[in-house]
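What follows is a short report on a single structure.
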Number of protein chains: 4
Amino acid sequence: MAKEDRKKREKENRKQTILKSALYSFAKHGYHKCSMDLIAEEAELGKATLYYYFKNKDELLLEVLKTGLELFFENMTKAWESLEDTREKIEAISITAGEFFAEHPDYFRLYLYLSTHPKLNKITSESLRPLVQNKNKVFIQLFKKAVKEKLVKPIPPQNLVNVLGTLIMGVGMFGHYKRKSDIKKRMKLINEIFFNGVLLDKKK
Amino acid sequence: MAKEDRKKREKENRKQTILKSALYSFAKHGYHKCSMDLIAEEAELGKATLYYYFKNKDELLLEVLKTGLELFFENMTKAWESLEDTREKIEAISITAGEFFAEHPDYFRLYLYLSTHPKLNKITSESLRPLVQNKNKVFIQLFKKAVKEKLVKPIPPQNLVNVLGTLIMGVGMFGHYKRKSDIKKRMKLINEIFFNGVLLDKKK
Amino acid sequence: MAKEDRKKREKENRKQTILKSALYSFAKHGYHKCSMDLIAEEAELGKATLYYYFKNKDELLLEVLKTGLELFFENMTKAWESLEDTREKIEAISITAGEFFAEHPDYFRLYLYLSTHPKLNKITSESLRPLVQNKNKVFIQLFKKAVKEKLVKPIPPQNLVNVLGTLIMGVGMFGHYKRKSDIKKRMKLINEIFFNGVLLDKKK
Amino acid sequence: MAKEDRKKREKENRKQTILKSALYSFAKHGYHKCSMDLIAEEAELGKATLYYYFKNKDELLLEVLKTGLELFFENMTKAWESLEDTREKIEAISITAGEFFAEHPDYFRLYLYLSTHPKLNKITSESLRPLVQNKNKVFIQLFKKAVKEKLVKPIPPQNLVNVLGTLIMGVGMFGHYKRKSDIKKRMKLINEIFFNGVLLDKKK
DNA sequence: GATGAATGAGGTTTCATTCAT
DNA sequence: TATGAATGAAACCTCATTCAT
């Protein structure tokens with residue numbers, strides 16, 4: 001029946017509304033200073049409704065993060081679709097990340113915040129591990145390939161992933177960029193340094 | 001009088017005890033999940049005693065952070081004392097940071113945590129700005145010199161500071177290092193990549 | 001819907017219950033020695049429930065006072081409805097006040113208590129000023145009329161209001177009246193003295 | 001020995017300092033919002049010192065009040081010394097009170113505040129009762145005499161005392177007088193009304 | 001005599017969560 | 001399905017008082 005379909009759609013919409021409000025509020029006030037009341041108000045829903053859709057605050061947080069990660073990885077996949085060259089693919093990582101951060105700064109900040117929280121980090125990283133681990137493997141494969149192709153030095157791929165990841169994160173943490181183009185510029189610099197280092201080649 | 005001196009010393013000691021307990025507890029539980037009771041228990045003092053030494057929780061946090069930053073900058077200064085060469089000085093930054101992080105992981109984590117919190121970041125960064133700004137200037141001078149000496153490419157010094165800072169932070173965020181030597185190795189890698197990039201020189 | 005109406009009524013009732021308990025407890029123990037726990041217990045509600053209905057203790061106090069003032073002014077208005085004569089109207093002031101005080105001694109005492117507190121007086125009098133000011137104007141008009149009608153001596157109306165007000169307040173402060181009729185008698189005496197003074201006319 | 005005398009004097013001085021600081025602080029912040037710390041700071045003494053001179057906060061309050069009352073009654077006695085006429089004596093009450101209030105507004109306010117506090121009133125009024133009762137008797141005698149002399153109407157003397165007392169208190173409660181002369185004017189009005197009432201004699 | 005340091009007891013407020021409807 | 005109302009638990013903070021010196 002069409003009626004049931006609509007109901008399902010509506011329910012899904014409602015869930016999305018909550019996730020969006022939660023993301024916004026978490027990012028604005030910080031997870032711990034953000035009450036369920038605040039989210040409910042932002043979502044223009046009753047507070048108890050949040051509990052109808054999500055078991056508790058922690059789970060709501062997790063779902064928010066999962067949504068963000070999935071979105072990011074989707075973007076990543078899309079960006080890679082048209083690329084074959086290993087170096088271009090590696091460069092695409094920070095470029096895509098930069099775009100994602102420009103478009104959804106809240107996800108980024110929230111993710112960082114939780115990464116640094118001793119207790120929450122455990123909970124979230126455990127829950128999101130499958131998702132992250134999965135993508136991590138892909139990144140590692142990419143760097144393995146890069147090493148094999150003699151594109152990059154024989155550094156353990158996991159280290160390379162971590163270093164590049166760190167550099168990207170840093171763009172999000174430090175910068176308070178006014179324009180989106182600023183983020184892109186910064187990402188280009190990151191890539192430049194990552195590949196070539198900062199030394200001025202004197203031989204030339 | 002010697003008596004008064006001893007009293008002063010004892011008071012200072014007590015303050016240090018509290019700061020230490022606070023640091024430990026903040027880092028263990030995260031600032032928001034760490035109650036004043038917890039800190040008091042850790043310090044084996046009455047809760048009200050904390051308030052005798054520090055105006056409130058926020059101020060206690062600030063003092064903890066300030067202590068940490070000062071300690072780090074002291075280490076930095078000491079490390080630089082015996083160095084003249086620009087590149088060596090730059091390398092010393094991550095090395096020192098690595099040692100500091102190995103020795104005092106709690107400071108590092110707490111600092112990161114606060115950096116990513118939307119509200120707390122404002123408060124703390126404003127209060128600690130003078131301290132940080134001061135050191136930042138020194139770092140910028142160093143990179144300016146590096147550019148002038150044609151050691152590194154003509155990249156804006158502030159960007160270089162940020163990128164290097166980010167890389168160092170990342171070591172703290174990502175790694176769960178078992179041995180202290182692991183951190184040092186990682187810091188060496190950071191320096192290596194920062195200076196030379198990851199590209200394998202094919203000309204050879 | 002009737003259902004919604006009932007809910008609204010119930011909520012209003014609950015609020016009234018709290019206000020009543022608060023008034024009783026404030027008056028019994030004094031605002032500062034009266035904890036929110038005490039009020040909650042008196043109202044047979046959880047302490048947090050008080051905060052559901054009132055933002056904080058100060059606001060609860062204000063609402064209590066506002067309720068009292070409004071009730072008093074309503075009584076005043078009713079008492080005046082059937083009166084035309086200026087003197088009768090003036091006399092009605094203390095009579096009504098006396099009745100109000102007999103019926104609701106707590107309001108009176110609480111109001112007095114706050115009037116004399118240096119800090120609270122500022123807060124409350126500012127919040128209640130519109131209400132009080134409004135009625136004050138009416139009283140002043142009445143005395144202006146009395147002066148114009150040559151009923152009373154040409155004393156500035158505001159002074160007359162203050163003196164009469166003071167006399168009435170005093171009945172509340174001093175007296176510990178056993179019977180309600182005692183208050184009424186006292187109010188009659190107040191009126192008598194206010195109008196005629198205490199001098200025995202010797203000419204007669 | 002002179003040395004012991006000096007010590008005694010110093011001790012007495014110290015006590016006076018504390019009483020003065022306590023009065024000032026109580027009046028400024030209100031008894032309940034005035035911590036012992038505040039008083040100690042105002043007195044430029046250690047907090048524990050207060051407890052050396054006074055058993056506890058309540059007793060300190062009592063002593064403050066007692067000092068004030070005694071001072072007021074002294075003034076009263078002095079004012080009456082040169083007066084014989086009953087009416088003049090009665091008029092001297094409010095005049096003296098006005099002067100006292102102008103000179104020591106803090107005593108007045110503090111006294112009023114406590115009079116209206118349900119718990120404190122009991123404690124203080126019990127402790128100060130002998131002092132007050134004593135003077136009350138004198139006032140009653142005065143009014144008895146006034147009645148007997150056919151100066152005033154045959155109203156029960158206690159009532160007269162209360163009404164006059166009330167009128168005087170009211171001057172303190174209501175008014176926020178800029179100049180001392182304003183208080184004196186107001187006291188004259190009080191006397192005028194008290195003796196003659198507000199009615200305009202139409203027979204003339 | 002004088003006091004700095006310490007604290008237990010108790011206050012206000014917040015908030016995640018539940019429950020009846 | 002949706003929610004207003006209720007609350008226990010726990011957080012931050014204050015303060016009168018004591019005690020060792």
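- Summarising the geometry, the separation between CG on D:Leu50 and C1' on F:dA16 is reported as 11 Å, rounded to the nearest angstrom.
- Ranking E:dT3, E:dC19, E:dT7 by closeness to the B:Thr49 side chain, first place goes to E:dT7.
- Per the geometry, CD belonging to B:Glu44 stands 15 Å off C1' belonging to E:dT7, to the nearest Å.
- Distance B:Met36 CE to E:dG8 C1': 16 Å, rounded to the nearest Å.
- Taking atom CD1 on A:Ile39 and atom P on E:dT17, their separation rounds to 11 Å, with Å as the unit.
- Nucleotide E:dA20 has F:dT3 as its partner under the Watson-Crick or G-U criteria, with both atom distances under 3.5 Å.
- Side chain to side chain, A:Tyr31 and A:Asp58 meet the donor-acceptor criterion of an N or O pair below 3.5 Å.
- Remark on DNA chain F: of its neighbouring residues B:Asp58 and C:Gly46, the 5'-side contact belongs to C:Gly46, judged by nearest-heavy-atom nucleotide.
- One interatomic measurement links the two molecules: OH of B:Tyr51 to C1' of F:dC15, which rounds to 13 Å at whole-angstrom precision.
- Taking atom CZ on B:Phe54 and atom P on E:dA6, their separation rounds to 12 Å, with Å as the unit.
- If B:Lys8 and C:His32 are placed on DNA chain E by their nearest nucleotide, the residue sitting closer to the 5' end is B:Lys8.
- Per the geometry, CG belonging to C:Asn56 stands 17 Å off P belonging to E:dG11, to the nearest Å.
- Taking the six-membered ring where tryptophan is involved, the planes of D:Tyr113 and C:His32 are perpendicular, since the angle between them exceeds 60° and thus also 30°.
- Within the structure, every side-chain polar atom (N or O) of D:Tyr53 is placed at least 4.0 Å from both OP1 and OP2 of E:dG1.
- Phosphate proximity of F:dA6 to C:Arg14: present, with a side-chain N or O under 4.0 Å from OP1 or OP2.
- The shortest distance between the side-chain N/O atoms of B:Tyr52 and the OP1/OP2 oxygens of F:dT14 is not below 4.0 Å.
- Rounded to an integer number of Å, the gap from CG of A:Asp37 to P of F:dT7 is 16 Å.
- A salt bridge between D:Lys8 and D:Glu12 is absent, with no side-chain N of the basic residue lying under 4.0 Å from a carboxylate O of the acidic one.
- Within the nucleic acid shown, A:Ser35 comes within 4.0 Å of sugar-phosphate atoms alone, with no base atom in reach, counting heavy atoms only.
- Within a 6.0 Å radius of CD in D:Glu10, other residues, nucleotides and ligands contribute more than 12 heavy atoms.
- When every heavy atom of B:Glu63 is checked against every heavy atom of B:Leu19, the shortest pair comes out as CB-CD2, 3.7 Å.
- Contact of D:Lys57 with F:dT17 (side chain to base): no donor-acceptor pair of N or O atoms is detected under 3.5 Å.
- At a cut-off of 3.5 angstrom, counting only N and O atoms as typed in the model, there is no donor on one side facing an acceptor on the other between the side-chain of B:Lys47 and the base of E:dT7.
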